[in-house]
Amino acid sequence: MDFNLSDDQRAIEDAARAFALAELAPHSARWDEDKIMPREVLQAAAELGFAGLYVQEDVGGSALGRLDASIVFEQLSYGDVSVAAFISIHNMASWMIDRFGSDDLRRRYLPKLTTMEFVASYCLTEPGSGSDAAAMKTTAMKDGDHYVLNGSKAFISGAGYSDVYVVMARTGGQGAKGVSAFVVENGAPGLSFGAQERKMGWNAQPTAMVNFDDCRVSEANRIGAEGDGFKFAMAGLDGGRINIASCSLGGAGLALDTAKSHLETRKQFGQALKEFQGLQWRFADMATELDAARLMVRRAAHSLDTKHPNATQHCAMAKRFATDAGFEVANQALQLHGGYGYLRDYPLERIVRDLRVHQILEGTNEIMRVITARELFRQ
């Protein structure tokens, strides 16, 4: 067992950290305040290969592994959690097209997605089906060489902003086996978007409903065979859980470093805060939890890369632990700052707001426990 990164992975880590510090961190507070995510910053990330991390090279991808991607998302989130998380969603949608789509579909969309000329969103959740995703009501009825989509998707990152939507819709009977996956382009007749949601965090990236009203999509835009869409969606979520856990690591890492600087420089009762044993213990626990979370996430990424039979379990466990630990580290860092942590002059309140949703999306942490228990009882 080797806990060291390879020279190539160190280079990837350094490149992602340098980009985060130069291009994301200086603007993060303003993007959160103004609720904007400039296209040019996404395309700058794409120039470094971060928009098609595990897409094949023949269509412009970087052909990296899940561990490599985890390293990238942790470092990007050190600069801006919301933007990094959006890039992770774009990568998940692109991966589905690359992994399961026809060669024609791959070549039509992925060259533009890997440069972020096109931006992608992932559409699974509906107003009435969140954790029970297989209960979706959105339908795709065959009509000649097209499908006609009707229904709505909820909480979609990039709704109205993205150019491409990877959509799961029901083409058959009830349950998981009746779901298929489609690529829907922005501007398609019958595609519309709801008002932007007013959120606690992730304010840089837009979030809204995606609505389909007799939205016609070419049969050539179906990903894989009819009835396989839910299987594809769940495969994508294994990787998505690693990604969002990695984003928690990055945000919590910034919170920990900010707390360390504060403990070293802030004085009370005639001595630096770092001299108080109670605060030393709290800081040590924060660092330990974050380190344990990173080890779990990287083990899960390695399991996915090597197709380990327990990969789904490892991904669920890592997502649950890392997103809980990441939020708690950020919240404790805010507490260590006292009243200053509550001010927007410091990054901590924004990190706390941004990390909170990680315990909900890509499967709630309660569902992660259900998945973990299910996998354990199968063994």
Side-chain angles (χ1 to χ4, degrees), residues 54 65-67 69-70 73 85 88-89 92-93 95-96 99-100 122-138 153-155 166 168-181 223-225 227-249 289 292-328 355-379:
Y54 24 78
R66 296 292 179 166
L67 178 55
S70 174
F73 291 124
S88 82
I89 295 166
M92 180 166 65
W95 174 82
M96 283 187 64
R99 177 67 178 81
F100 302 112
Y122 175 88
C123 302
L124 175 65
T125 299
E126 297 187 357
S129 60
S131 295
D132 185 13
M136 69 179 65
K137 301 297 184 184
T138 297
K153 298 293 181 177
F155 306 119
V166 173
M168 271 52 71
R170 187 165 301 287
T171 52
Q174 296 302 305
K177 294 183 179 179
V179 175
S180 300
I223 301 173
D228 284 344
F230 194 78
K231 178 175 63 178
F232 300 160
M234 293 303 101
L237 282 177
D238 274 346
R241 286 161 185 160
I242 294 171
N243 292 349
I244 212 63
S246 302
C247 290
S248 286
L249 298 177
E289 293 294 307
R294 183 177 295 106
L295 291 172
M296 287 194 72
V297 171
R298 292 185 176 178
R299 192 273 299 263
H302 181 264
S303 293
L304 209 54
D305 281 335
T306 59
K307 298 180 173 57
H308 192 285
N310 295 336
T312 292
Q313 174 190 325
H314 293 165
C315 291
M317 293 170 73
K319 192 270 180 180
R320 199 289 298 168
F321 189 83
T323 57
D324 282 350
F327 176 77
E328 185 58 25
L355 292 190
R356 181 60 182 87
V357 74
H358 294 191
Q359 296 168 291
I360 299 171
L361 51 78
E362 307 289 18
T364 67
N365 284 2
E366 290 75 19
I367 291 297
M368 295 306 98
R369 292 175 171 91
V370 171
I371 293 171
T372 299
R374 181 193 67 200
E375 294 297 316
L376 286 169
F377 283 119
R378 284 178 176 174
Q379 296 169 18

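It should be emphasised that the depicted structure is a prediction, and the values quoted were computed from it without experimental measurement.
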TODO: Work out which heavy atom in F100 is nearest to a heavy atom in A235; give both atom names and the distance.
DONE: CZ-CB, 4.3 Å
Open item on the list: Using side-chain heavy atoms (C-beta onward) and a distance below 4.5 Å, is V166 in contact with W95?
Closed with: no
- [ ] To the nearest 0.5 angstrom, please state how far the CG atom of L67 sits from the OG atom of S246.
- [x] 9.0 Å
Open item on the list: Would you say that H314 contacts H308 through its side chain, given a criterion of any heavy-atom pair below 4.5 Å between the two side chains?
Closed with: yes
Task: Separation of L304 CG from N310 CG (nearest 0.5 Å) - done: 12.5 Å
- [ ] Please determine which of N365, D324, T364 meets the side-chain hydrogen bond (donor to acceptor under 3.5 Å, both in side chains) test together with Q359.
- [x] D324
Open item on the list: Using side-chain heavy atoms (C-beta onward) and a distance below 4.5 Å, is F321 in contact with M368?
Closed with: no
- [ ] Heavy atoms only: give me the nearest Q313-L376 pair and the separation to one decimal.
- [x] NE2-CD2, 3.6 Å
Open item on the list: Return the CG to CD1 distance between D132 and I367, rounded to the nearest 0.5 Å.
Closed with: 8.5 Å
Task: Separation of L361 CG from L124 CG (nearest 0.5 Å) - done: 12.0 Å
- [ ] Please check if atom CZ in F230 has more than 12 non-hydrogen atoms from other residues, nucleotides or ligands closer than 6.0 Å.
- [x] yes
Task: Considering all heavy atoms, the nearest A225-S180 contact - done: O-OG, 4.4 Å
- [ ] State, yes or no, whether a side-chain contact exists between R374 and T312 at a heavy-atom distance under 4.5 Å.
- [x] yes
- [ ] Determine yes or no for a side-chain-to-main-chain donor-acceptor pair under 3.5 angstrom, with E126 supplying the side chain and K137 the backbone.
- [x] yes
Open item on the list: Nearest 0.5 angstrom please: I242 CD1 to M92 CE, how far?
Closed with: 12.0 Å
TODO: Taking K153 for its side chain and M168 for its backbone only, find out whether a donor-acceptor pair lies under 3.5 Å.
DONE: yes
TODO: Quick one: do M136 and V179 satisfy side-chain contact (heavy atoms from CB on, under 4.5 Å)? Show the steps, please.
DONE: CA-CA 9 Å; M136 69 179 65; V179 175; 3.9 Å; yes
Task: Nearest atoms (heavy-atom pairs only) where A322 meets S248 - done: O-CB, 3.8 Å
Task: Nearest heavy atoms of H358 and T323, plus distance in Å - done: O-CG2, 3.5 Å
Task: Rounded distance [0.5 Å steps], NE2 in H302 versus CZ in R66 - done: 14.5 Å
Task: Donor-acceptor contact below 3.5 Å, side chain R241 vs main chain A318 - done: no
Open item on the list: Other residues, nucleotides and ligands only: do more than 12 of their heavy atoms fall within 6.0 Å of CZ on R299?
Closed with: yes
Task: Considering all heavy atoms, the nearest L355-G326 contact - done: CD1-O, 3.5 Å
